[in-house]
Chemist: 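There's a structure below that I have some questions on.
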Amino acid sequence: MPEPQTEIDEETVQGFSAELRGEVLRQGDAGYDEARTIWNGMIDKRPALIAQCAGAADVITAVNFARENNHEIAVRGGGHNVAGTAVCDDGIVIDLSAMRAVWVDPRARTARVQGGALWSDVDHETRAHGLATTGGIVSHTGVAGLTLGGGIGWLMRKHGLTVDNLLSADMVTADGEFVRASDDEHSDLFWALRGGGGNFGIVTSFEFALHPVGPTVLAGPVFWPADDTANALRFYRDFVRDAPDELGTVVKFGTIPPLPVAPEELHWRPAVAINACYAGPVEEGESVLRPLREHGTPLLDLVSPEPYVAHQSGTDSTVLHGWHYYWKSTDLPELSDDLIDVFVNHAFSAESPRSYSVLFHLGGAVSRVDNDATAYTGRNAPHNININGVWRPDETEEFADSETAWVRRFLDALEPYREGVYVNFLDADDGTQRVREAYGEHTYRRLAEIKAEYDPDNVFHLNQNIEPTG
Ligand SMILES: Cc1cc2nc3c(=O)[nH]c(=O)nc-3n(C[C@H](O)[C@H](O)[C@H](O)COP(=O)(O)OP(=O)(O)OC[C@H]3O[C@@H](n4cnc5c(N)ncnc54)[C@H](O)[C@@H]3O)c2cc1C
């Protein structure tokens, strides 16, 4: 491909702008800086244009404009990807963040969700009908990026990954064609979309299957002192081994957040927490969660019956927009004593009190879907860890080096146990080799063939990129 154009003259911008229902922003325009800002405050990119699409027609126009004028394209959904692939320097950001509508069909138990929606939008609309689908554990995350990479969350062991609930997707391909991908139409594309990320086009809306959930669930974290990590993880290993599918858990290693729900004397205290969500009757949850709540001497037990949507957004304020984030991740096997020692030695050696790591428990419905059924890989991994170095922008001098080094040290110590990686947790410096690692050779090859069919020129390359075959 020729080098992308970086200059755009005024007349061309005016012409493009006139064709859109949404706004076109360029440097100096009111709202430009806000529109180029994403969740990870470390990312500071200056696109030539930001096309704030109001609907599918705008997306088609924007793709055609960018391709015909040879401008690099970045696609923004919820703007949460830690690697900052939603924005670019000089090129065009096709920004779907104004497209957040959600339509629920309670009788069919489905929802159609626009490509810029956040999980909070979906949860808000579906809860009115006592329904939900698997979303991420932080509700200000975008539906699009999360879904296209796979989608892990509280409900996955009972209802599968987000992609296992995807029924169809409307999208705009690199040549500006509008297509619907489902089991019946463009089924190869539909397979690729369920894990292959933003490589194949821009999804303007997703159709999901919904399930009765709650609306009240028994959920919340139990905290123990960091010194009890070995004990807590040995307990956890047994607790989740034969857990019912209704039980979703995430272990968090970090500090107790300074939130009103925690007594002030515990704020910022290093602690290991097992956060649970029982997606079944509350009474049943009481007996399933009893051993967790009775283990050792907890510092704090916040398990209680609460609306599912409250649990979904319960940790939103601990990962604020604009802070600086540096991530590393890997899938992990069952927790052997040796592996537990790695957690004991590394999980609490970060210097920033905001840094943390989270260990997800997969299995259940995730592992019962055939590995080849979707492009998502890693269905057989029992766990996935995400190690997050976090500091505020004004703490960069103090923490940027220490936290980056801590994240790398922790990942290095996990090297003997590494099993693969979830593509949505890759950071900017992970490189193409780790994208291949995320999919494995077999799936990557199939994805590359489908990429060659739908995007042979790699127009959509600002993502966890799959290079088209040939
Ligand atoms: C705080 C936090 C918590 C998270 N928790 C979870 C979790 O519980 N489970 C989980 O699975 N993941 C989780 N993630 C990871 C998340 O899945 C990815 O960061 C994902 O990329 C976010 O999607 P987005 O739309 O917000 O991203 P964006 O940054 O907007 O987009 C990322 C990429 O997705 C593609 N993309 C975005 N929108 C579209 C579209 N409409 N059509 C086609 N391609 C598009 C583009 O390639 C883009 O570069 C979390 C991330 C954060 C920051």
Side-chain angles (χ1 to χ4, degrees), residues 37-41 43 45 53 56 59 62-63 73-88 93-100 113-121 134-156 161-163 169-174 181 192-193 195-206 248 250 252 275 277 312-313 315-323 325-327 329 356 358 360 362 366 376 378 384 386 388 390 422-428 454-455 459-466:
T37 302
I38 58 169
W39 173 78
N40 187 353
I43 309 295
K45 302 220 169 122
C53 298
V59 175
V63 169
I73 295 177
V75 181
R76 179 186 177 131
H80 257 49
N81 197 280
V82 71
T85 50
V87 281
C88 57
V93 173
I94 300 184
D95 179 0
L96 276 71
S97 58
M99 294 171 54
R100 289 173 57 177
V113 178
Q114 277 192 309
L118 307 181
W119 281 104
S120 54
D121 302 324
T134 306
I137 65 168
V138 171
S139 77
H140 47 70
T141 308
V143 170
L146 183 139
T147 301
L148 294 169
I152 64 177
W154 295 115
L155 302 179
M156 66 182 154
L161 298 166
T162 311
V163 285
D170 283 354
M171 59 181 287
V172 178
T173 60
L193 286 182
N199 276 284
F200 304 93
I202 304 184
V203 177
T204 54
S205 75
F206 297 88
V250 175
K252 181 171 176 186
N275 200 347
C277 177
Q312 263 292 91
S313 55
T315 53
D316 284 8
S317 61
T318 63
V319 280
L320 290 181
H321 288 80
W323 290 356
Y325 297 91
Y326 178 76
W327 287 12
S329 178
Y356 66 95
V358 278
F360 289 84
L362 291 96
V366 176
Y376 174 86
N384 171 292
N386 195 353
N388 301 344
V390 188
Y422 176 32
V423 71
N424 267 349
F425 288 164
L426 291 177
D427 209 334
Y454 289 93
D455 183 15
V459 166
F460 300 112
H461 61 268
L462 294 176
N463 43 39
Q464 312 304 339
N465 197 231
I466 292 156

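Everything quoted here is computed from the prediction, not taken from an experiment. In listed order, ligands and their atoms are each counted from 1. We're numbering straight along the sequence, starting at 1.
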Chemist: Could I get the full list of side-chain contact (heavy atoms from CB on, under 4.5 Å) partners for A98, not counting sequence neighbours?
Modeler: none
Chemist: Between N388 (side chain) and Y325 (backbone), is there a donor-acceptor pair under 3.5 Å?
Modeler: no
Chemist: Return the protein residues near ligand 1 (heavy atom under 4.0 Å from any of its atoms), ordered by chain and residue number.
Modeler: W39, V75, R76, G77, G78, G79, H80, N81, T85, A86, L96, G115, G136, I137, V138, T141, G142, A144, G145, L146, L148, G151, I152, G198, G201, I202, V203, V319, W327, Y422, N424, F425, L462, N463
Chemist: Closer than 3.5 angstrom, by distance alone: can the side chain of S97 be matched with the main-chain N or O of G116 as a donor-acceptor pair?
Modeler: no
Chemist: Are V63 and I94 packed together at the side-chain level, in the sense that at least one heavy-atom pair is separated by less than 4.5 angstrom?
Modeler: yes
Chemist: With sequence neighbours excluded, tell me which residues meet side-chain contact (heavy atoms from CB on, under 4.5 Å) with S205.
Modeler: R112, D170
Chemist: Test of understanding: with side-chain contact (heavy atoms from CB on, under 4.5 Å), list the residues that count as partners of T318, not counting sequence neighbours.
Modeler: K252, P257, L259, T315
